[in-house]
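Below: the structure, in structure tokens.
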Amino acid sequence: MRKSVFLGALAVAGLAAGGAAAGTLDDVKARGKVNCGTNTGLVGFAAPDANGEWQGFDVAVCRAVAAAVLGDHMAVEFVPTTGRTRFTALASGEIDILSRNTTWTYTRDVDLRFTFIGVNYYDGQGFMVPKSLGVTSAKELDGATVCIQTGTTTELNLADFFRTNNISYEPVPIETNAEGQQQYLAGACDAYTTDVSGLAATRATFEDPTAHVILPEIVSKEPLGPLVRHGDDEWADVVRWTLFALIAAEEYGVTSANIDELAATPTSNPEINRLLGTEGDLGPMLGLPVDWAVKAIKAGGNYGELFEKYIGQNTPIGLARGLNAQWTEGGLLYAPPFR
């Protein structure tokens, strides 16, 4: 497993080294749309709805960027990618942003030469099993067959967990989440492992979600976030500060409901004024209009609104904020100052 993942990494690194052409912002403006690499289908994070329109927590990042740059949150071309194809698509220039539940790691940052622009979901790897299996801990999975997406960090984490606990397993390789779901429900594997958010999203699509259990062990750190190519700092800044705008908006109480009012007249809070462009010239520093952040936030709402709409506790996915709460609420979300 380690060999296949790292050989793939080396191959993509060669592409990335030659594919980091500066000028993505100009390309996007000239093209009139953002090319966004996303999942092949993960409900709540990235999946087409009944009308074929892409929706989800990761999708919302690209829509916010399109709104900030082009003034139109619908000016996005979504390119479905698998665990194996996502990095090649970004390195080759096929996509401008990869927003696809991708873990920020040392080798992806340094060896593959990508720039992670922030974290939009702090996660960890877990295991899901049928309740009928009678398993209450991942340490009881000795000899189990495990469905695992190839070309992902979960391959390495899985091997490490079983080795550390001196137990064995048989991997069942899969390419996409849809394939993993099909194999798991067909009984081809005893357990399915991926990020806990992905397990929750997958379980929510089952006919009887209560018949499946996500085991308590979290076996890794999985900081998930969007990434761009190395060597184009201007574009990286645009994507990075768009994400920070969504996070900061929640912290300062800027919502889709009150943003027009707050943007119409400067408030008593200078940070809100700078964020919304009623004070200072932060937009032009990015090569964007003064109201770029207003457009980004209006695309779908602030970070908290997006979380609750797509993956929160009142959705079928049912995720609590946990580590993804604001720093003022005991979480890890923290946007640098807009000044």
Side-chain angles (χ1 to χ4, degrees), residues 37-39 42-46 56-62 64-65 83 86 97-110 114-128 138 149 152-158 160-161 177 192-204 214-228 236 239-252 300-336:
T38 193
N39 208 296
L42 185 63
V43 173
F45 286 88
F57 194 63
D58 287 332
V59 164
V61 173
C62 289
V65 171
R86 55 184 164 173
I97 312 169
L98 179 62
S99 186
R100 182 203 178 279
N101 56 307
T102 297
T103 305
W104 189 347
T105 71
Y106 181 97
T107 53
R108 290 172 177 178
D109 194 320
V110 177
F114 293 125
T115 296
F116 284 80
I117 57 89
V119 177
N120 73 327
Y121 193 91
Y122 291 92
D123 209 345
Q125 184 176 334
F127 297 86
M128 179 169 62
Q149 282 192 357
T152 65
T153 57
T154 52
E155 282 189 285
L156 305 183
N157 297 334
L158 180 65
D160 288 347
F161 176 77
N177 187 66
Y192 186 19
T193 184
T194 188
D195 302 331
V196 171
S197 64
L199 295 176
T202 299
R203 183 175 62 174
I214 297 176
L215 300 177
E217 285 84 1
I218 303 296
V219 302
S220 68
K221 292 185 296 184
E222 305 293 330
L224 310 178
L227 54 154
V228 298
V239 181
R240 177 181 297 113
W241 285 97
T242 297
L243 175 60
F244 285 150
L246 303 180
I247 294 171
E250 181 187 19
E251 178 182 350
Y252 295 119
N302 65 34
Y303 180 95
E305 290 179 285
L306 294 171
F307 192 103
E308 293 308 317
K309 176 180 180 180
Y310 292 116
I311 58 177
Q313 289 184 301
N314 293 322
T315 70
I317 291 135
L319 295 172
R321 288 293 292 265
L323 294 178
N324 297 290
Q326 289 282 340
W327 67 284
T328 52
E329 302 292 333
L332 297 180
L333 282 192
Y334 189 109

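From a predicted model like this one, the values you see are computed outputs, not experimental measurements. Count residues from 1 along the sequence.
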(request) State whether the side chain of Glu305 and the backbone N or O of Asn302 hold a donor-acceptor pair below 3.5 Å, judged by distance alone. (result) yes

(request) Apply the test side-chain contact (heavy atoms from CB on, under 4.5 Å) to residues Gln125 and Leu158: give CA-CA distance (whole Å), side-chain angles for both, the deciding distance (0.1 Å), then the verdict. (result) CA-CA 9 Å; Gln125 184 176 334; Leu158 180 65; 4.2 Å; yes

(request) Could you check if a side-chain atom of Phe114 sits within less than 4.5 angstrom of a side-chain atom of Thr102, using non-hydrogen atoms only? (result) no

(message) Quick check: do Phe127 and Val219 have side-chain heavy atoms less than 4.5 Å from each other?
(response) yes

(request) Mind checking the OG1-CG spacing from Thr153 to Asp195? Nearest 0.5 Å is all I need. (result) 6.5 Å

(request) Of all the heavy-atom pairs spanning Phe45 and Ser197, show the shortest one and how long it is. (result) CZ-CB, 3.6 Å

(message) Once side-chain contact (heavy atoms from CB on, under 4.5 Å) is applied, do any residues pair with Val43, and if so which ones, sequence neighbours excluded?
(response) Thr205, Ile317

(message) Quick check with a 6.0 Å cut-off and a 45 degree axis cone: is Arg108 positioned over the face of Phe116's six-membered ring?
(response) no

(request) For the residue pair Thr103 and Leu224, establish whether any side-chain heavy-atom pair is separated by less than 4.5 Å. (result) yes

(message) On a heavy-atom basis, which atom in Leu243 and which in Asn120 lie closest, and how many Å separate them?
(response) CD1-CB, 4.0 Å

(message) Assess, by modelled atom type and distance only, whether the side chains of Gln326 and Thr328 contain a donor and an acceptor separated by less than 3.5 Å.
(response) no

(message) Please give me the minimum heavy-atom distance between Ala204 and Pro316, naming the atom from each residue.
(response) CB-O, 3.5 Å

(request) Report the distance from atom CG of Asn324 to atom CD of Glu329, rounding to the nearest 0.5 Å. (result) 13.5 Å

(request) Search all heavy atoms of Leu42 against all heavy atoms of Gly198 and return the closest pair with its distance. (result) CD1-O, 4.0 Å

(request) Please list all pairs passing the side chain to side chain donor-acceptor pair (under 3.5 Å) test where one or both residues lie in residues 306-318, with sequence neighbours left out. (result) Gln55-Tyr310

(request) Identify the two heavy atoms, one from Ile214 and one from Ala200, that lie closest to each other, and give their separation to 0.1 Å. (result) CD1-N, 3.9 Å

(request) Starting at CG of Asn101, measure out to CG of Asp58 and round the result to the nearest 0.5 Å. (result) 5.5 Å

(message) On a heavy-atom basis, which atom in Thr152 and which in Gly83 lie closest, and how many Å separate them?
(response) CG2-CA, 4.4 Å

(request) List in chain and number order the residues that pass side-chain hydrogen bond (donor to acceptor under 3.5 Å, both in side chains) with Tyr303, two or more places apart in sequence or in another chain; answer none if no residue qualifies. (result) none

(request) Answer whether the closest heavy-atom distance between the side chains of Leu306 and Leu246 falls below 4.5 Å. (result) yes

(request) List in chain and number order the residues that pass side-chain hydrogen bond (donor to acceptor under 3.5 Å, both in side chains) with Thr194, two or more places apart in sequence or in another chain; answer none if no residue qualifies. (result) none

(message) Rounded at 0.5 Å granularity, tell me how far CG in Leu332 sits from OH in Tyr121.
(response) 11.5 Å

(message) Using side-chain contact (heavy atoms from CB on, under 4.5 Å), reason through Ile117 and Phe244 one step at a time and then give a plain yes or no.
(response) CA-CA 10 Å; Ile117 57 89; Phe244 285 150; over 6 Å; no

(request) Please report the C-alpha distance between Ile97 and Val61 in whole Å, then the side-chain angles of each, then the deciding distance to 0.1 Å, and finally whether the side-chain contact (heavy atoms from CB on, under 4.5 Å) criterion is met. (result) CA-CA 10 Å; Ile97 312 169; Val61 173; 5.6 Å; no

(request) Please list, chain by chain and in numerical order, all residues satisfying ring pair (Phe, Tyr, Trp, His ring centres under 6.0 Å) with Tyr252, sequence neighbours excluded. (result) none

(message) How long is the straight-line distance from CG of Leu333 back to CG of Leu323, given to the nearest 0.5 Å?
(response) 9.5 Å

(request) Decide yes or no for Arg86 and Leu227: does some side-chain heavy atom of the first lie under 4.5 Å from some side-chain heavy atom of the second? (result) no

(message) Using 0.5 Å steps for rounding, measure from the CD1 atom of Ile311 to the CZ atom of Arg321.
(response) 8.5 Å

(request) Quick one: list whatever passes side-chain hydrogen bond (donor to acceptor under 3.5 Å, both in side chains) with Arg240, sequence neighbours left out. (result) Asp237

